[in-house]
Amino acid sequence: MTTDQPDPAKPILLFDSGVGGLTVLAELRKLLPSAPIIYAADNAGLPYGDKSEAQIAARVAGLLGRLTERLHPRLACIACNTASTIALDAVREVLEIPIVGTVPAIKPAAAMTRTGVIALIGTEATIRQGYVDRLEARFAADKTLLRLAAPELVDAGEARLRGEPVDQGAVVRAVDALRAMPGGTDIDTVVLACTHFPLLEPELAAAFGSDVQFVHGAEGIARRIASLTGGQAFRRDHEDIALFTSDGPALEAYRKGLASYGLTRIEKF
Ligand code: DGL
């Protein structure tokens, strides 16, 4: 048994195009407070949502390959719906460590809705995925699922982490677009199918009104990571690190926000 134990200092790697994966990190900290974490953001590739499947798959598989080779994580989590719905299988094929992905929370939403009308907000790339079609067919075939691409909200989530005011106009535009769809006035459950969007939950709640509930995958992902690393020892030898694929003065604006998630060291990957 002991031979299976990873080095306690081996980190858990969280990956996203930007700061959205921090919503997963927040949940993970609650379950595994002593786990060493490396958070990697492909900000040079942000946003993923407007890229093609081929571009995203090549980028994510290549980067996770290089990150894993360099950092030797015990587990990697793709804390990004866009990257997961497109590249999860490809990444699992090339890497030997456990890979945890992010799946749009359609199943819990279908169990929660009373009106039968669910909204799903994600990136343009996520909402067109067959992966989402299959989740809908499997778990919400008897419901109405209204999908909306909201790229402006990715920018708004990034702004929040920089401590800038959130563009409430962008939030209202997204909510109005959903409400205007057939059945939209009956939406009572919203799937936040982009890890950036829970960062905007207060603004979304204000725009949707109090009858609407939100669901996303962060807690479930954290539980999955905790279960896959169950029984393993953790030791933090240094500060937790945030890695970015592009550096420069713009990163400074994120320092305070990252530190509030325990990421006190920022480096270029
Ligand atoms: N955080 C990513 C997601 O969960 C999307 C952001 C992007 O467009 O890069 O889908």
Side-chain angles (χ1 to χ4, degrees), residues 13-28 39-64 67 76-91 99-106 109 119-132 135 147-162 166-167 170-171 174 190-201 204 214-222 224-225 242-246 250 254 257-258 261 263 269:
L13 174 66
L14 299 187
F15 176 84
D16 182 29
S17 54
V19 297
L22 296 174
T23 56
V24 174
L25 175 57
E27 294 303 324
L28 188 59
Y39 185 87
D42 181 16
N43 59 329
L46 180 80
Y48 281 177
D50 66 2
K51 296 189 169 51
S52 71
E53 281 70 5
Q55 284 174 311
I56 294 166
R59 202 168 173 102
V60 171
L63 267 170
L64 276 170
L67 284 160
C77 168
I78 306 181
C80 172
N81 289 261
T82 314
S84 293
T85 53
I86 292 170
L88 189 57
D89 290 343
V91 171
I99 310 290
V100 177
T102 309
V103 176
I106 293 174
L120 183 144
I121 328 177
T123 67
E124 213 179 315
T126 295
I127 68 162
R128 66 170 179 253
Q129 292 313 307
Y131 199 115
V132 178
L135 288 173
R147 303 185 197 186
L148 181 80
E152 284 185 298
L153 299 188
V154 175
D155 298 337
E158 292 283 320
R160 159 123 308 146
L161 245 286
R162 294 192 299 265
V166 165
D167 177 3
V171 177
V190 179
V191 179
L192 302 177
C194 170
T195 51
H196 279 75
F197 297 169
L199 294 169
L200 307 169
E201 209 171 308
L204 284 162
F214 298 93
V215 55
H216 58 82
E219 268 183 55
I221 297 164
R224 179 78 188 132
I225 295 173
L243 295 174
F244 288 85
T245 51
S246 166
Y254 289 93
L258 291 168
Y261 288 85
L263 300 168
F269 175 69

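Counting starts at 1 for both ligands and their atoms, following the listed order. Predicted model, so just to flag it, every value in this text is computed and none were measured. Computation of the quantities below employed the complete heavy-atom set of this structure, encompassing side-chain atoms and omitting hydrogens, waters and symmetry-equivalent molecules.
Judged by distance alone, the side chain of Lys51 and the main-chain N or O of Arg59 form no donor-acceptor pair under 3.5 Å.
Thr82 pairs with exactly one of Thr102, Asp16, Thr126 by the side-chain hydrogen bond (donor to acceptor under 3.5 Å, both in side chains) rule, that one being Thr126.
Pocket lining of ligand 1, defined as residues with a non-hydrogen atom under 4.0 Å away: Asp16, Ser17, Leu46, Pro47, Tyr48, Gly49, Cys80, Asn81, Thr82, Thr123, Val154, Cys194, Thr195, His196.
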For this session: Please test Thr245 against Asn43 for side chain to side chain donor-acceptor pair (under 3.5 Å), starting from the C-alpha separation and ending with a verdict.
Result: CA-CA 6 Å; Thr245 51; Asn43 59 329; 3.3 Å; yes
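Of the inter-residue distances, the one linking Leu46 atom CG with Phe244 atom CZ reads 10.0 Å to the nearest 0.5 angstrom. In this structure, OG1 in Thr195 is found 10.0 Å from CG in Leu14, a value given to the nearest 0.5 Å.
Side chains of Tyr254 and Glu158: a donor on one and an acceptor on the other come within 3.5 Å.
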